[in-house]
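Inspection log for the structure reproduced underneath, given as structure tokens.
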Amino acid sequence: MREILVRKSDLSEATPIIAVTEASLGDVLVGLGDAASAWCSVNDYTGKPSSHLMVQTGDGTGAAVLYGVEETGLSQPFALGGLVNRLPQGDYFLADGFPDPEEAALGFALSAYKFERYVKPSRKIRRLGIGDDVDLERIGDVLDGVKLTRDLINTPANDLGPEELATTVAALFEEHGGSGEVIVGEDLLSRNFPMVHAVGRASSRAPRLADYSWGDEDAPKVTLVGKGVIFDTGGLNLKPGSSMTLMKKDMGGAANVLGLASMIMSSNLPVRLRVIVPCVENAVAGSAFRPGDILSSRKGLTVEIGNTDAEGRLILGDALALADEETSDLLIDMATLTGAARVALGPDLPPFYTDDDGLADDIAVIAEASSDPLWRLPLWKPYMKYLDSKVADINHINTSGTGFAGSITAALFLSRFVDNTESWVHFDIYGWTPAERPGKTVGGEAQGIRCLFDLISERYAAAK
Ligand code: BES
Ligand code: MN
Ligand code: ZN
């Protein structure tokens, strides 16, 4: 995706994309010549927002793409993304009239993404030339991160098992000079990650936990934890087929924190970054954990299992407990944790949870500014009662039978494993785009990480 955007000055021949409104079209056409005007008439082209028309310019030897925008700007975030796959192969550049060239460029590139691991790559390439006012390096780092996230989610579980996911963490960090370790299989028990082991042990592919760090040890500490369930069958509480179809995306939290880590390290942000990813397959076998089991946890809390399909919060509980042993300035976890989050807010608006009001306000503002929508939901303490257990310290799901507040109770469960870190925020993401829209292609999706990259850049920019 990064290669889609180039410096305009590096393109020898490129077709301009000219932003027009229904009001400005007439004036623009005067400048483009009679052939362009005639062609607009023939096509009844009026410059309606998000519509486009390719015209000949001057004496007919030149060309331009007219693209309709609103008076106030693009018709929707990343609207130019709706254009990229409709254009003939070739080189283009953003002419005047785009109010926010950076957003236009990002939309164009985000929509050009294709997952081509299993098919012949498309030879149709459209590049976009950008003026010197846009920071191409930074956008490139963002695009690389989003691509990594989408590729990981789109890769099916037969080719992305716990080992491959952990290896991806290691490779990404080693590429940037970071280091760490992967704790595998039975070692999870001796190293005290009982819940990661319990969830992952039924798979023929051993569970593991990747823990990597990068950056100056004295810099502000940012720790990212991601749910890495490479496939979620539901376990013994087996999901029905229709609910299992998309479950290769259940490592979407891990994929998103890796995309964010890639942005942070490529941009060399002045932070000490740590990424913790528990990697498991929630599978069915005689050795599987069961409803009614009582697990011990890294934190020491005993956990009664209500339903083996609520596996994500278990592996995250141990991973968050580890993260919380060394307090960081900011602890972020991301997970495709509950169907309830999607029911509450739909696939495009992930809820986030934190007790840090200042952080929540910052996220809300930056999410809006970066067109990376997020919505705060409450860590509503009275609902903690839903997690009461008669036989263990805590139950891991709401067994009251009401089914109330599924995303909130999952977040509350996680909060039991974070005691020392002041700024902890949890994202319950969907990780998937069900239908194509500008800036989004069907399949695995980055959610919240462009916002978080901006937030971390802003917060710690002056720290070093
Ligand atoms: N990975 C799922 C959550 C999920 C389902 C996210 C569909 C996005 C789309 C998670 O492990 C799960 O199965 N959660 C259960 C929890 C329930 C058993 C308490 C759920 O949400 O149904
Ligand atoms: Mn599940
Ligand atoms: Zn899951």
Side-chain angles (χ1 to χ4, degrees), residues 180-201 207-211 213 221 223-229 253-254 257 274-280 282 289-308 310-335 337-338 353-356 379-381 383-399 408-428:
E181 62 171 334
V182 181
I183 303 164
V184 185
E186 298 298 304
D187 285 353
L188 289 167
L189 294 176
S190 57
R191 298 280 300 273
N192 195 23
F193 298 96
M195 297 202 293
V196 179
H197 183 268
V199 170
R201 73 188 182 209
R208 59 202 72 211
L209 182 123
D211 179 4
S213 294
K221 286 190 167 56
T223 300
L224 312 177
V225 175
K227 172 176 171 181
V229 176
V257 303
R274 183 179 185 190
V275 164
I276 301 173
V277 179
C279 310
V280 304
N282 189 19
F289 75 127
R290 317 157 189 84
D293 280 359
I294 298 173
L295 305 181
S296 59
S297 64
R298 180 171 189 83
K299 184 96 195 163
L301 293 169
T302 55
V303 179
E304 183 186 6
I305 301 305
N307 185 316
T308 61
E311 81 297 337
R313 64 198 75 184
L314 299 171
I315 63 172
L316 288 175
D318 275 353
L320 285 169
L322 171 67
D324 194 49
E325 286 160 18
E326 161 213 61
T327 56
S328 45
D329 295 85
L330 183 58
L331 171 59
I332 299 169
D333 82 75
M334 306 188 90
L337 201 59
T338 71
Y353 298 86
T354 180
D355 280 333
D356 181 341
L379 281 164
W380 185 254
K381 306 298 180 297
Y383 290 166
M384 201 69 95
K385 66 173 185 279
Y386 288 137
L387 300 178
D388 286 348
S389 166
K390 290 198 163 55
V391 291
D393 292 329
I394 184 173
N395 200 299
H396 87 304
I397 60 164
N398 177 357
T399 42
I408 295 178
T409 50
L412 285 171
F413 177 83
L414 297 183
S415 75
R416 295 294 298 270
F417 297 86
V418 182
D419 283 338
N420 307 315
T421 309
E422 290 202 4
S423 267
W424 162 63
V425 57
H426 156 63
F427 293 82
D428 193 344

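The shown structure was predicted, so the numbers you read here are calculated from the model rather than taken from an experiment.
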Review point. So, for Pro291 and Gly306, which heavy atoms are closest and what is the spacing to 0.1 Å?
Key: CB-O, 4.0 Å
Study note, to complete from the structure: Between Ala254 and Val277 the two heavy atoms that sit nearest each other are CB-CG1, 3.6 Å
Point to revise | Under the side chain to side chain donor-acceptor pair (under 3.5 Å) test, residues paired with His197 that sit two or more places apart | key: Glu186
Exercise for review: Please test Asp187 against Phe193 for side-chain contact (heavy atoms from CB on, under 4.5 Å), starting from the C-alpha separation and ending with a verdict.
Suggested key: CA-CA 9 Å; Asp187 285 353; Phe193 298 96; over 6 Å; no
**Study point:** Distance in Å, Thr302 OG1 paired with Asp393 CG, rounded so as to fall on 0.5 Å steps
**Key:** 3.5 Å
Review point. Can Asp318 and Arg191 be counted as an ion pair, charged N to O under 4.0 angstrom?
Key: no
Practice item. Can you establish whether the number of heavy atoms outside Glu422 located under 6.0 Å from its atom CD is more than 12? Key: no
Exercise for review: Hey, could you give me the OG1/CG distance between Thr308 and Leu314, rounded to the nearest 0.5 Å?
Suggested key: 9.5 Å
Practice item. Check whether any side-chain N or O of Asp211 sits under 3.5 Å from a backbone N or O of Ile276 as a donor-acceptor pair, and report yes or no. Key: no
Review point. For Leu209 and Ala319, which heavy atoms make the closest approach, and how far apart are they?
Key: CD1-CB, 4.4 Å
Exercise for review: Under the side chain to side chain donor-acceptor pair (under 3.5 Å) rule, collect the residues that match up with Thr338, sequence neighbours excluded.
Suggested key: Asp428
Point to revise | Euclidean distance, Leu301 CG relative to Arg416 CZ, rounded to 0.5 Å | key: 5.5 Å
Practice item. Before giving the answer on side chain to side chain donor-acceptor pair (under 3.5 Å), spell out for Asp356 and Ser423 the whole-Å C-alpha distance, their side-chain angles and the decisive distance to 0.1 Å. Key: CA-CA 6 Å; Asp356 181 341; Ser423 267; 2.3 Å; yes
Point to revise | Heavy-atom side-chain contact between His426 and Leu337 under 4.5 Å | key: yes
Practice item. Decide yes or no on side-chain contact (heavy atoms from CB on, under 4.5 Å) for Leu331 and Val225, but give the supporting numbers first. Key: CA-CA 8 Å; Leu331 171 59; Val225 175; 4.0 Å; yes
**Study point:** Any residue meeting salt bridge (Lys or Arg N to Asp or Glu O under 4.0 Å) with Asp388, in chain and number order, not counting sequence neighbours
**Key:** none
Check your understanding: What are the two closest non-hydrogen atoms of Ile397 and Ala310, and how far apart are they?
Key -> CG2-CB, 3.3 Å
Practice item. Give the minimum heavy-atom separation between Leu414 and Gly317, together with the two atoms involved. Key: CD2-N, 4.3 Å
Exercise for review: Could you label the plane-to-plane angle of the His396 and Phe413 rings as parallel, tilted or perpendicular, counting under 30° as parallel and over 60° as perpendicular?
Suggested key: perpendicular
Revision key, fill the gap. Looking only at heavy atoms, the pair that brings Ser297 and Met195 closest together is CB-CE, 3.6 Å
Check your understanding: Any ion pair linking Glu311 and Lys227 (charged N to carboxylate O, less than 4.0 Å)?
Key -> yes
**Study point:** Inter-residue atom distance Leu188.CG - Arg201.CZ, 0.5 Å rounding
**Key:** 12.0 Å
Exercise for review: Carefully, step by step, assess Val229 and Ile315 under the rule side-chain contact (heavy atoms from CB on, under 4.5 Å).
Suggested key: CA-CA 9 Å; Val229 176; Ile315 63 172; 3.7 Å; yes
Revision key, fill the gap. Taken to the nearest 0.5 Å, the spacing of Thr409 OG1 from Tyr383 OH works out to 10.0 Å
Check your understanding: Between Met384 and Ser415, does a side-chain contact (heavy atoms from CB on, under 4.5 Å) hold up when you go through it step by step?
Key -> CA-CA 10 Å; Met384 201 69 95; Ser415 75; 3.7 Å; yes
Practice item. Can you spot which of Val196, Asn192, Leu320 makes a side chain to side chain contact (heavy atoms under 4.5 Å, CB included) with Arg298? Key: Asn192
Point to revise | Distance (rounded to the nearest 0.5 Å) between Arg290 CZ and Leu295 CG | key: 10.0 Å
Practice item. Give a yes or no on whether a salt bridge exists between Lys299 and Asp419, defined as a side-chain N under 4.0 angstrom from a carboxylate O. Key: yes
Point to revise | Neighbour count >12 (heavy atoms, 6.0 Å) for atom NZ, Lys390 | key: no
Review point. Trp424 pairs by side chain to side chain donor-acceptor pair (under 3.5 Å) with which of Asp355, Asp324, Thr354, Asp333?
Key: Asp333
